Amino acid sequence: MSALTPGFRGRRRAVDDRVPPGQYTTEDFPVLSAGPTPSVKTDTWTFTVANERGERRVWTWSEFAALPHETPTVDIHCVTRWSKLDTTWRGVPVDVLLDGIAADAAYAVAHSFDGYTTNMPLQDLTGGRAWVVTEYGGEPLHAEHGGPARLLVPHLYFWKSAKWVSGITLHAEDRPGFWERAGYHDYGDPWLEQRYQAGF
Ligand SMILES: Nc1nc2c(c(=O)[nH]1)N[C@H]1C(S)=C(S)[C@@H](COP(=O)(O)O)O[C@H]1N2
Ligand SMILES: [Mo]
């Protein structure tokens, strides 16, 4: 083989390089919820960001819709071993939601209307790596996949992408969420196979 052509360096990696260890790819979109799908109505929906000092920002559905949106295409990886490549979404970068509130805390918790929570370092929600999405595949997000809005943090296992998300709270200390308290890994990097905590 000839040497790599410099001009090809920007191409997408081969599919195999995009599937983390222990994962297989699927064309389906499995539904995984700890409980029943809650009915979340957009006319009463709000999204709240609150920091550890008690400062908060709240958006209604129409206010949220007026925020700058992006349309990320990303690969997602579920701890139950399916990965789905090139999923397309539309939503607001978390960076935009943190704009205007003091966000120097080290940790974040995402909260959902079904009572679900999941934690991560705040840094993992910033830098254009996380969104609150309201569309999947060019259509409004279906309720079973978290509609009207879910968190999308594709670089971590998919349990971090809270469905029916209602807000994000910032904390000085790490506060394990629903699955993390039940033995899932605190961080959940699919490339390091951080599936479960030692002992589970
Ligand atoms: N609110 C809420 N979000 C949730 C869950 C849940 O039970 N409740 N399950 C998590 C888990 S374990 C996974 S794998 C993904 C599944 O998302 P999907 O059903 O759209 O595939 O959602 C995550 N977000
Ligand atoms: Mo999961």
Side-chain angles (χ1 to χ4, degrees), residues 18-42 44-50 61 64 71-92 94 97 107-121 124-125 129-169 175-197 200:
R18 292 167 58 191
V19 182
Q23 299 289 115
Y24 65 87
T25 57
T26 180
E27 297 296 318
D28 301 336
F29 195 172
V31 173
L32 286 141
S33 308
T37 295
S39 169
V40 181
K41 303 270 181 267
T42 54
T44 52
W45 183 91
T46 56
F47 190 85
T48 303
V49 174
W61 184 257
F64 190 88
T71 52
T73 297
V74 296
D75 303 339
I76 55 179
H77 312 291
C78 178
V79 73
T80 61
R81 298 187 181 274
W82 57 266
S83 290
K84 194 168 169 57
L85 306 184
D86 291 325
T87 60
T88 58
W89 308 81
R90 182 169 182 270
V92 176
V94 175
L97 301 169
Y107 298 98
V109 175
H111 301 261
S112 296
F113 288 105
D114 63 340
Y116 185 86
T117 55
T118 186
N119 59 302
M120 60 216 87
D124 286 84
L125 291 175
R129 295 194 294 166
W131 298 263
V132 172
V133 293
T134 56
E135 291 181 21
Y136 168 76
E139 291 183 13
L141 184 60
H142 291 183
E144 63 266 30
H145 286 300
R150 80 180 296 164
L151 187 62
L152 177 66
V153 194
H155 70 281
L156 300 177
Y157 279 125
F158 208 37
W159 86 77
K160 300 286 184 180
S161 293
K163 305 200 279 190
W164 315 295
V165 71
S166 61
I168 296 167
T169 54
R175 296 193 186 180
F178 177 82
W179 282 122
E180 293 84 3
R181 285 196 298 270
Y184 281 36
H185 196 278
D186 196 59
Y187 184 63
D189 182 341
W191 295 97
L192 299 176
E193 282 208 72
Q194 294 177 334
R195 299 175 189 275
Y196 308 105
Q197 291 167 46
F200 282 88

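Counting from 1, the numbers follow the sequence of the chain as shown. Remember, predicted model here, so these are calculated numbers, not experimental data. In each ligand, atom 1 is the first atom listed, and ligand 1 is the first ligand listed.
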Would you check if the distance from the ring center of H77 to the ring center of F158 is below 6.0 Å?
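Between F158 and H77, which both carry aromatic rings, the centre distance is not below 6.0 Å.
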Using a heavy-atom cut-off of under 4.0 Å, does the side chain or the backbone of [X] touch ligand 1, or both, or neither?
X    : value
C78  : side chain
W164 : side chain
Y184 : neither
F29  : side chain

May I ask you to check whether E144 and S33 show a side-chain donor-acceptor distance below 3.5 Å?
no
Any donor-acceptor N or O pair under 3.5 Å, side chains D189, Y157
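Judged by distance alone, the side chains do not pair up.
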Ligand 1 to A34, heavy atom cutoff 4.0 Å, flagged ligand atoms 6 (C), 7 (O)
Within the 4.0 Å heavy-atom shell around W82, which atoms of ligand 1 are there?
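Result: 21 (O).
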Would you say W179 has any N or O atom under 3.5 Å from an N or O of ligand 1, going by distance alone?
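No - when backbone and side-chain N and O of W179 are compared with those of ligand 1, no distance drops under 3.5 Å.
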With a 4.0 Å cut-off, would you call E139 and R90 a salt bridge?
no
Write out the residue and atom name of the closest protein heavy atom to [atom], then the distance separating them to 0.1 Å.
atom                    : answer
atom 3 (N) of ligand 1  : K163 N, 2.8 Å
atom 10 (C) of ligand 1 : Y116 OH, 3.4 Å
atom 24 (N) of ligand 1 : S161 O, 3.2 Å
atom 16 (C) of ligand 1 : L32 O, 3.4 Å
atom 22 (O) of ligand 1 : R150 NH2, 3.3 Å
atom 11 (C) of ligand 1 : W159 CA, 3.6 Å

Passes ring-ring contact (aromatic ring centres under 6.0 Å, His included), W179 versus Y184? Steps please.
CA-CA 5 Å; W179 282 122; Y184 281 36; 4.7 Å; yes
May I ask you to decide if the ring planes of W45 and F64 are parallel, tilted or perpendicular, using 30° and 60° as cut-offs?
perpendicular
Pick, from V31, D114, V165, the option with the minimum heavy-atom distance to atom 1 (N) of ligand 1.
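Selected option, by shortest heavy-atom distance: D114.
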